[in-house]
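Just so it is clear, the values below take in all heavy atoms, side chains as well, and ignore hydrogens, waters and symmetry mates.
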Amino acid sequence: QELAFPEQTFRAGQRDLAEAVYRTAASGRCLLAQAPTGIGKTVGTLFPLLRAVPAHGIDKVAYLTCKGTGRLTALEALSDLRAGAAGQSLRVLTMVPKEEGCEHPDKACHGDACPLASGFYDRLPAARQQAVALGWLDATAQRQLALRHGICPYYLGQELVRWADVVVGDV
């Protein structure tokens, strides 16, 4: 509720967008918005959604993009927003496609074939605890954490969805 807008002021049209997004989230309805390039749509939608989370019982925000550049833009905005959150308490998870997250694409996803699948659930609790404490899991951080615990980065991401406040991924 105390999340601060990461800029000094809203851009032209950005405040109207943010207000519409907040009202829509508060009422549990859908919003279809169209805005020109450069208005700041990413932060103009994420900020009011995150402000609505505690007051309106929203459990999770999913930010879906159509291409990798959209994912990067969302992560930049979330990083700015997270910097303004108390104790950086906003937990962000990037979902990557299996082809991008798999360390052994030549192996089947089971314990008899893949060393990262063997004993996955034995090592998952420690990895999950560290991931939740970290709070920011972009693709690189997720991969590093998973490999440090000897588990699959792709499936670690799948397991962490329930502990994330914001999930960013490609459609």
Side-chain angles (χ1 to χ4, degrees), residues 1-7 10-11 14 17-18 20-22 24-26 28-35 37-103 105 116 124 127-149 151-171:
Q1 287 179 323
E2 297 173 11
L3 185 66
F5 190 68
E7 303 295 330
F10 285 93
R11 296 179 188 173
Q14 192 178 36
L17 174 63
V21 169
Y22 186 88
T24 302
R29 297 180 28 213
C30 294
L31 174 68
L32 178 60
Q34 180 178 342
T37 299
I39 191 175
K41 292 180 290 292
T42 303
V43 75
T45 55
L46 284 168
F47 171 70
L49 278 172
L50 293 170
R51 288 290 300 260
V53 164
H56 299 288
I58 299 170
D59 179 57
K60 194 168 309 307
V61 172
Y63 194 94
L64 305 177
T65 66
C66 292
K67 53 187 174 182
T69 55
R71 185 181 356 158
L72 294 175
T73 302
L75 290 172
E76 287 174 17
L78 286 163
S79 177
D80 292 343
L81 287 165
R82 190 170 185 261
Q88 296 191 335
S89 60
L90 184 63
R91 293 171 305 210
V92 177
L93 172 67
T94 302
M95 298 299 295
V96 297
K98 190 171 183 181
E99 303 79 43
E100 191 178 316
C102 181
E103 290 294 313
L116 300 178
L124 176 62
R128 181 175 47 224
Q129 183 178 15
Q130 189 176 2
V132 170
L134 185 61
W136 181 269
L137 283 176
D138 59 16
T140 302
Q142 185 175 329
R143 180 178 179 274
Q144 290 171 348
L145 179 77
L147 295 179
R148 193 169 31 241
H149 288 274
I151 62 175
C152 176
Y154 173 75
Y155 283 107
L156 174 62
Q158 301 293 310
E159 291 288 333
L160 291 173
V161 168
R162 72 186 78 186
W163 282 276
D165 299 309
V166 181
V167 177
V168 178
D170 298 336
V171 178

To the nearest 0.5 Å, what is the distance between [atom1] ([X]) and [atom2] ([Y])?
{"X": "Q158", "Y": "L156", "atom1": "CD", "atom2": "CG", "answer": "9.5 Å"}
{"X": "Y63", "Y": "T42", "atom1": "OH", "atom2": "OG1", "answer": "3.5 Å"}
{"X": "L116", "Y": "L147", "atom1": "CG", "atom2": "CG", "answer": "6.5 Å"}
{"X": "W136", "Y": "L75", "atom1": "CH2", "atom2": "CG", "answer": "5.0 Å"}
{"X": "L137", "Y": "M95", "atom1": "CG", "atom2": "CE", "answer": "11.0 Å"}

What are the two closest non-hydrogen atoms of [X] and [Y], and how far apart are they?
{"X": "L81", "Y": "A4", "value": "CD2-O, 4.1 Å"}
{"X": "G70", "Y": "T65", "value": "C-CG2, 3.4 Å"}
{"X": "L49", "Y": "V21", "value": "CG-CG1, 3.7 Å"}
{"X": "L145", "Y": "A131", "value": "CD2-CB, 3.3 Å"}
{"X": "A146", "Y": "C152", "value": "CB-C, 4.0 Å"}
{"X": "A52", "Y": "A25", "value": "CB-CB, 3.9 Å"}

Taking the side chain as everything from C-beta on, heavy atoms only, tell me whether [X] gets closer than 4.5 Å to [Y].
{"X": "Q14", "Y": "F5", "result": "yes"}
{"X": "L78", "Y": "L50", "result": "yes"}
{"X": "L93", "Y": "Q142", "result": "yes"}
{"X": "L31", "Y": "Y22", "result": "no"}

Discussion item. Could you check whether atom CD of Q129 has more than 12 heavy atoms from other residues, nucleotides or ligands sitting under 6.0 Å from it?
Written reply: no
Fill in: Pairs where residues 158-171 contributes a residue and the test salt bridge (Lys or Arg N to Asp or Glu O under 4.0 Å) is met, not counting sequence neighbours
R71-D170, R91-D165
Worksheet entry | Within residues 135-147 or reaching into it, pairs that qualify as salt bridge (Lys or Arg N to Asp or Glu O under 4.0 Å) - sequence neighbours excluded | E103-R143
Item to complete: Taking K60 for its side chain and V161 for its backbone only, find out whether a donor-acceptor pair lies under 3.5 Å.
Response: yes
Item to complete: Check whether any side-chain N or O of T24 sits under 3.5 Å from a backbone N or O of A20 as a donor-acceptor pair, and report yes or no.
Response: yes
